[in-house]
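Read the structure below first, then the notes.
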Amino acid sequence: MPTREMLFSHGAALLRMRGIVLSSLCLLMHLLQENIATILVLENQDLQDSIKPQKVEFHSLNFNNTLHWQPGKARDARDTVYFVQYKVYGQSTWQNKADCWGIQNHVCDLTNETSDIQEPYYGRVKAALAGVYSNWSLSCRFTPWRETVIGPPTVAVVHSSKYIILKLQAPRSPYKGKRGSKIPMTNYYNLLYQVFIINNLLEKQHKVLVYEGKHKIIKVEDLRPGVSYCIMARTYVPMLDRSSAYSSRQCTMLK
């Protein structure tokens, strides 16, 4: 018969074996947890990279300043939402744009936030999907006065038997003056009007510059009766050497 000492020794050996098995199981579980955590981190990193917004940039027309971006590589992820911040160059603190916080659009209106047209600004956007947030995507520096696109003037044509009277009106900014009306772009720039006329009898419809200056009412003479003419105008900023697009054609015929 086994003695008590033998039984005690055998039991101790079993406990040691069980301890080794438990230790091995714990080590295996720990390794599995580390691998799972690593896989999750890698998957989250891939998702972060795939939803990160691309091509973040300001678009501006007559000081209507909007931040635009393109979605990341995960273009099928319709549930992606975006968050927008902005700041003045040199400031350390970013400001949240409340109306563009958790949106699904790819554009954010920052007109009011960038109303000091001489200041340079930055915008940035990040995306979120399934609880995962991308890193921020930063725009280039944007200074409204230098970079806004000035639109063409509106043109009204008054007919006469011997000449044409043109009434030009400069485009307006979104900002309002003391009387509540929108401020014209002529308040911000030394704008010139360029007026072109097209004789529709000519094969190539060559545009001829008939006026350049600041007057809002232009008289165009020396036109042939019975000939169709089209008028187009644009704005020009000499300091920036920049022209607007052409206004829509206004066509008429002298009788």
Side-chain angles (χ1 to χ4, degrees), residues 28-152 171-176 182-183 185 188 240 242 244-245 248:
L28 181 60
M29 291 295 294
H30 180 69
L31 291 173
L32 286 173
Q33 288 175 350
E34 283 189 343
N35 288 337
I36 291 171
T38 301
I39 291 171
L40 290 175
V41 168
L42 292 174
E43 287 181 348
N44 284 350
Q45 185 64 53
D46 289 342
L47 183 56
Q48 285 179 338
D49 294 340
S50 67
I51 64 175
K52 185 178 180 181
Q54 307 293 315
K55 296 183 179 180
V56 179
E57 56 191 15
F58 278 92
H59 294 183
S60 181
L61 175 64
N62 300 324
F63 298 138
N64 291 280
N65 306 324
T66 52
L67 190 68
H68 293 245
W69 60 92
Q70 294 182 7
K73 299 175 184 177
R75 296 182 182 275
D76 295 333
R78 298 181 179 179
D79 295 330
T80 304
V81 293
Y82 300 95
F83 305 85
V84 174
Q85 291 183 331
Y86 64 94
K87 72 171 185 176
V88 176
Y89 172 71
Q91 291 183 348
S92 58
T93 304
W94 288 89
Q95 303 294 325
N96 297 342
K97 172 62 175 177
D99 293 342
C100 303
W101 203 253
I103 62 173
Q104 291 185 304
N105 294 333
H106 300 146
V107 59
C108 176
D109 189 345
L110 292 175
T111 299
N112 292 331
E113 290 73 19
T114 53
S115 59
D116 190 338
I117 61 172
Q118 298 287 356
E119 286 282 3
Y121 298 91
Y122 285 105
R124 67 179 186 178
V125 187
K126 70 177 178 180
L129 177 64
V132 176
Y133 290 81
S134 74
N135 293 325
W136 290 99
S137 293
L138 184 67
S139 74
C140 293
R141 190 188 305 181
F142 166 69
T143 306
W145 189 86
R146 289 193 173 277
E147 298 178 54
T148 198
V149 175
I150 302 172
R172 293 183 175 271
S173 76
Y175 308 122
K176 295 182 179 180
K182 291 184 176 180
I183 301 172
M185 297 300 287
Y188 304 102
L240 300 176
R242 188 183 303 165
S244 74
S248 59

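The first residue of the sequence shown is numbered 1, and numbering continues consecutively from there.
- Residues H106 and P71 meet the side-chain proximity criterion, which asks for heavy atoms closer than 4.5 Å.
- Residue Q85 holds its CD atom at 11.5 Å from CG of L67, rounded to the nearest 0.5 Å.
- Across every non-hydrogen atom of Y86 and N96, the tightest pair is CE2-O, 3.9 Å.
- W69 approaches V107 most closely through the heavy-atom pair CH2-N, 3.6 Å.
- Heavy-atom contacts from other residues, nucleotides or ligands closer than 6.0 Å to CZ of R242 number more than 12.
- Summarising the geometry, atom CD1 belonging to I51 is positioned 8.0 Å from atom OH belonging to Y82; distances are rounded to the nearest 0.5 Å.
- P171 and G151 make their closest contact through CG-O, 3.3 Å (heavy atoms, listed as atom of the first residue, atom of the second, distance).
- For W145, the ring-ring contact (aromatic ring centres under 6.0 Å, His included) partners at least two apart in sequence or on another chain are Y189.
- Applying the ring-ring contact (aromatic ring centres under 6.0 Å, His included) test to Y121 and every residue at least two apart in sequence or in another chain returns nothing.
- Here the side chains of L110 and T66 are not in contact, with every heavy-atom distance at 4.5 Å or above.
- Checked by atom type and distance alone, the side chain of Q48 pairs as donor or acceptor with a backbone atom of Y133 at under 3.5 Å.
- Using modelled atom types, no side-chain atom of S50 and backbone atom of K73 make a donor-acceptor pair closer than 3.5 Å.
- Side-chain contact between E57 and H59 is present, with heavy atoms from C-beta onward closer than 4.5 Å.
- Note on residues 109-120: pairs passing salt bridge (Lys or Arg N to Asp or Glu O under 4.0 Å), not counting sequence neighbours, are K97-E113.
- The structure places CZ of R124 at 10.5 Å from OG of S137, a figure rounded to the nearest 0.5 Å.
- Shortest non-hydrogen contact noted between I150 and M185 is CG1-CE, 4.2 Å.
- Residues I117 and F63 have side chains in contact (heavy-atom distance under 4.5 Å, counting atoms from C-beta outward).
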Query raised in the report: How far apart are the C-alpha atoms of I183 and Y188, what are their side-chain angles, what is the distance that settles it, and do they pass the side-chain contact (heavy atoms from CB on, under 4.5 Å) test?
Result: CA-CA 9 Å; I183 301 172; Y188 304 102; 3.5 Å; yes
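- With sequence neighbours excluded, the residues forming a side-chain hydrogen bond (donor to acceptor under 3.5 Å, both in side chains) with S60 are N65, T148, listed by chain and number.
- The nearest pair of heavy atoms linking K52 to N135 is CG-O, 3.8 Å.
- With hydrogens and angles disregarded, a donor-acceptor distance shorter than 3.5 Å links the side chain of R172 to the backbone of K182.
- Across all non-hydrogen atoms, the minimal contact from N64 to P174 is OD1-CB, 3.4 Å.
- Shown here are the ring-ring contact (aromatic ring centres under 6.0 Å, His included) partners of F142, two or more places apart in sequence or in another chain: F58.
- Among residues two or more places apart in sequence or in another chain, the ring-ring contact (aromatic ring centres under 6.0 Å, His included) test is passed with W94 by none.
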